[in-house]
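Let me begin by presenting the structure, written as structure tokens, before commenting on it.
Just so it is clear: chains get the letters A, B, ... in the order the sequence lines come, proteins before strands, and each one is counted from 1. Values reported hereafter were calculated over all heavy atoms of this structure, with side chains retained and with hydrogens, waters and symmetry mates removed.
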Amino acid sequence: MREVFFYLFAFLSVAFALVSVTHRNVIKGGLSLLASFIALGAVYFTAGAEFIGIVQVIVYGGAIVVLYLFALMTMDLKSFGKELLRTVSLAAGGAISLFLLFSVLYAGYRFYGGSIPAAVSGAKELALPLFYRFLLPFEVVSVLLLVATVGAVAVGRREE
Amino acid sequence: MELNVKLLFPEFFVLAAAITGILIDLLLPKRVKNGFFATFSVFVLFASVFLVVFSSPFVPEEAFNGFVKKDLLTGFSQILILFSSLIAVFVSYGFLKKFDTDHVGEFYYTLLFAVFGAMLMVSANELATLFVSLEVMSISVYVLSALFKKDYRGKEAALKYFIMGSVGAAVIVYGFALLYGISGSTNYGDLASYISTYSFPVLLALALVISGFLFKLGAVPFHGWTPDVYHGAPTPVTLFMGAVVKIAAFVALLKLFYPVFLPLTQKWGEVFAVIGVVSAFVGALMALRQENIKRMLAYSAISHTGVVLTALVSVPAVSVFSVLFYLFAYAFMTVAAFGFISLLTEKGFKGENLSDWRNLYGKSPFLALSLVVIFMSLAGIPPLFGFWAKFYVLVALVKAGKVGIAVAILIASAISLYFYLRPVVYAFMKEGEAVLPPIEPFEFGAVAVTVFFLILFGIFPELISQASLFALSSFLRGII
């Protein structure tokens, strides 16, 4: 059962990733990137790493894609269509992609057949140090964020 | 493994007060804010002085699974931090009356946050706690520098300090990460057992941590930001960063280096000595030509930092003693000097140049005489407090057989006498009109009290040296 979902979500993730780089409309591309990230999060779930899966959905799906979309909306999207693909950038991007593809294939070949450990990154293993052993620095980080937020608002606001 | 939360009661008290300040700030009308928040901060700081006095243990105690360790070294440095912050609040009260800002509430509670960071920093016994508290303090100070209206200089200083300080923090964290990689722990006690021999990672980590601390302290290869930031920041903030940040950084350095890098003491002691001598000279020589007194004091701060750093080459116990004594003297002198400048400042950055102090004696003899006390103490003239600080450092160096370094420090002090005498010459012997804005009573009182202490501790240095000895013995009990 696990394998079925693993391959299903893996396929979805790759398919949406393909859509996101090939679609002519950038906003739709961004949305399919979001779908790809969520599918990737589901892949982590099927592999037994719930915590990384949740973080993947929250951080990438929630924060980073939204940031991308905001950035895209501030740009002039019309002018993008006219730009022709230049050979140099195409070659560079292709070389990097090929390198990544080979490293993924090699890694898959090396580790093929290995079993999945029971708790790869459970939330409990992370929570215990974070909320007990490192309690003090963890709480002081929240003070740090508070100071930084107050400071950013006070310094960034326009003078009356 | 136990939390022992009550050990950190003074820190949490300051933190709770700061957060309460944020809430109160929303409710008050603007015209009462300055008076209310100044009173509030003074009350909080006074109360936490008492809390620190009653909660500092002689036998070191740990809390939060050994993440903080308190002893009398921590206690005394916290009292020094709180005292300097108290003076900073009194000075700020007058300064905020003269200079306009929309952020009166923010100013005071960010100051309290910075005090919290400094207090936690001197009690930290673990790398993550040390770093996080260092950042709480630093970020608060960056914010404080930028809060005044139409103060382009302060904003420039804030940005410069922010960029340089972040680089320094990043360097420290690289060092900490290496230390964690070597030992698998961030606790000072566990780290110490792994760092007994030379190895490349240990030396690299040591170099990075030292560089980061020198960044924060403003010692020579990394001193570039000091003059601009000290000059640009509003004077009460300069007072705060000159005194509190330096105390916190030095005490954190002592508390980190002696337990963790004890086997390598000889090596890093020599590094600090070389850097210290260079800093003492560079600071003294650069200060000679400064017309702006805040800038001059910034170079003098580099020079003083250098003198303190040379003390670290001595025998560990003697070093801790002389560094703590020097910090006491340095904090009082810095607070007095910048409080004095703030007292004389007027709109349009007037009153902080040497030429604005011409014939100050004619206008206000008392102020002119306190100026003599402050600057002669900075120069290290007996019988003032600053003399004994330098004296103990020199004795420590000579006892350790480092006569060459002691002579170098003496020469640098002799050079610095020239620029410390210049304000005195201007105030007493030059013809002209001193800029003398209406004197704020609280600001004036704060300066007068610190000047009184400079004389008192100059005549009775044993008050502070006894306290430093207690702190030293308590600190050593924690290491052995």
Are [X] and [Y] packed together at the side-chain level, in the sense that at least one heavy-atom pair is separated by less than 4.5 angstrom?
X      : Y      : answer
A:L136 : B:V132 : no
A:L135 : B:F67  : no
B:T129 : A:V140 : no
B:I139 : A:L144 : yes

Go through the atoms of [X] and report whether side chain, backbone, both or neither lie under 4.5 Å from a heavy atom of chain A.
X      : result
B:E106 : side chain
B:I22  : side chain
B:F107 : neither
B:F131 : neither
B:F116 : side chain
B:L120 : side chain

Handout entry: Proximal component of A:L146, with respect to chain B [non-hydrogen, under 4.5 Å]
Key = side chain
Would you say that more than 12 heavy atoms from the other residues, nucleotides or ligands in this model lie under 6.0 Å from the [atom1] of [X], or not?
X      : atom1 : value
B:F13  : CZ    : yes
B:K30  : NZ    : yes
B:F36  : CZ    : yes
A:F131 : CZ    : yes
A:K28  : NZ    : no
A:Y60  : OH    : no

Fill in the blank from the handout: Highest number of heavy-atom pairs under 4.5 Å with chain B among A:V155, A:V150, A:V143, A:V153 belongs to A:V143
Practice task
Measure from the side-chain N and O atoms of B:N65 to the backbone N and O of A:F134, and report whether any donor-acceptor pair falls under 3.5 Å.
Solution key: no
Handout entry: Inter-residue atom distance A:E139.CD - B:F64.CZ, 0.5 Å rounding
Key = 8.5 Å
